[in-house]
Amino acid sequence: LTMVGASLLWVGWFGFNAGSAGAANGIAGLAFVNTVLATAAAVLSWITGEAVLRGKPSMLGAASGAVAGLVAVTPAAGFIGPMGSSVLGVLAGLVCLWGVSGLKRLLRADDAFDVFGVHGIGGILGALLTGVLNAPGLGGTGAADFSIATQLGIQFKSVVVTIVVSGVVAFIAYKIADMVFGLRVSEEDEREGLDISSHGEQAYRM
């Protein structure tokens, strides 16, 4: 079921990236191709990294690698070339694998679904590398006088602003939710299982 969901996500992402062009034109076609290549490259790099670090690749890792590639290529899809998207995918797979393993342990993050390690790290990587891979010399669609340093600075500022705004809004939302509902259930409810304690249903027969 995980792979069914990941596959549906991959197919649906074409409408997200290519559809953002608003027309069936060259930009949409480029975004479509880049989405395929970056995602496939991220899957391969993630499971290769797993094989090296853990002795074998996993199907869950392949699904996570696909999501990492999709997230990373989204900011860049209509602006970089196919080779650039492949490089971006390889980096996204490896960096996000580190995000859900090494970084997660380092931060001691309570992130059961690895949202930050995949979406957060992948999105930051994609946003920053858009400022590099958009260069015409690297196959991007930037103007002839494109400056990697200038654009990278713009991308970095955008990432910082996004992190600050998201952090402030999330903090306020969490505080409101904590005051109204509470952010954690009791230990007894957690031990019994949320299916029973919160929903009054038993999902699995023991």
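Both backbone and side-chain heavy atoms feed into the values below; hydrogens, waters and symmetry mates do not. Numbering starts at 1 and runs along the sequence shown.
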Between Ser86 and Ala41, which heavy-atom pair has the shortest distance, and what is it? O-CB, 3.5 Å

Using the rule that two of Ile, Leu, Val, Met, Phe, Trp, Tyr join whenever any of their side-chain heavy atoms come within less than 4.5 Å, decide whether Ile80 and Val132 are in one cluster. yes

Heavy-atom pair of closest approach, residues Pro136 and Gly142: CG-O, 3.3 Å

Set of side-chain hydrogen bond (donor to acceptor under 3.5 Å, both in side chains) partners for Glu50, sequence neighbours left out: Arg54, Ser58

Could you report the tightest heavy-atom contact between Thr130 and Ala76, atom names first, then the distance? OG1-CB, 3.2 Å

Between Leu70 and Leu129, is there shared hydrophobic-cluster membership here, with clusters defined by ILVMFWY side-chain heavy atoms closer than 4.5 Å? no

ILVMFWY cluster, Phe116 and Leu125 together (side-chain gap under 4.5 Å): yes

Could you tell me which non-hydrogen atom of Ala6 sits nearest to which non-hydrogen atom of Ala63, and how far apart they are? CB-CB, 3.8 Å

Of all heavy-atom pairs linking Pro75 and Ala127, the shortest is CG-N, 3.8 Å

I need the full list of salt bridge (Lys or Arg N to Asp or Glu O under 4.0 Å) pairs touching residues 78-104, with sequence neighbours left out, sorted by first then second residue. Lys104-Asp114

Would a hydrophobic clustering, with Ile, Leu, Val, Met, Phe, Trp and Tyr connected at side-chain separations under 4.5 Å, put Val33 with Leu133? no

Apply side-chain contact (heavy atoms from CB on, under 4.5 Å) to Trp13 and Val71, showing your working. CA-CA 9 Å; Trp13 217 281; Val71 170; 4.1 Å; yes

For Ile124, give me all partners under side chain to side chain contact (heavy atoms under 4.5 Å, CB included), at least two apart in sequence or on another chain. Leu128, Val159, Ile163

Not counting sequence neighbours, which residues clear side-chain hydrogen bond (donor to acceptor under 3.5 Å, both in side chains) with Thr150? List them please. Ser147

Out of curiosity, Leu138 CG to Phe146 CZ, how far, rounded to the nearest 0.5 Å? 9.0 Å

Roughly how far, to the nearest 0.5 Å, is CZ of Phe79 from CD1 of Ile27? 7.0 Å

Rounded to the nearest 0.5 Å, what separates atom CD in Glu192 from atom CG in Leu194? 9.5 Å

Quick one: pull up NZ in Lys175 and CG in Leu183 and give me the separation to the nearest 0.5 Å. 8.0 Å

How about Met59: does its CE atom have over 12 heavy atoms from other parts shown lying under 6.0 Å from it? no

side-chain hydrogen bond (donor to acceptor under 3.5 Å, both in side chains) partners of Thr2, counting only residues at least two apart: none

Might you point out which heavy atoms bring Ser85 and Leu37 nearest each other, and give the distance in Å? OG-CB, 3.6 Å

State yes or no: do Val73 and Leu91 share one hydrophobic cluster built from I, L, V, M, F, W and Y residues joined by side-chain heavy-atom distances below 4.5 Å, directly or via other members? yes

Asn134 vs Gln155, test: side-chain contact (heavy atoms from CB on, under 4.5 Å). Steps then yes/no. CA-CA 12 Å; Asn134 193 21; Gln155 300 297 115; over 6 Å; no

Within 6.0 angstrom of Leu9 CG, more than 12 heavy atoms from elsewhere: yes

According to side-chain hydrogen bond (donor to acceptor under 3.5 Å, both in side chains), who are the partners of Thr35, at least two apart in sequence or on a separate chain? Asn17

Working to the nearest 0.5 angstrom, can you tell me the gap between Leu44 CG and Leu94 CG? 10.5 Å

CE of Met179 to CD1 of Ile176: how many Å apart, nearest 0.5 Å? 6.0 Å

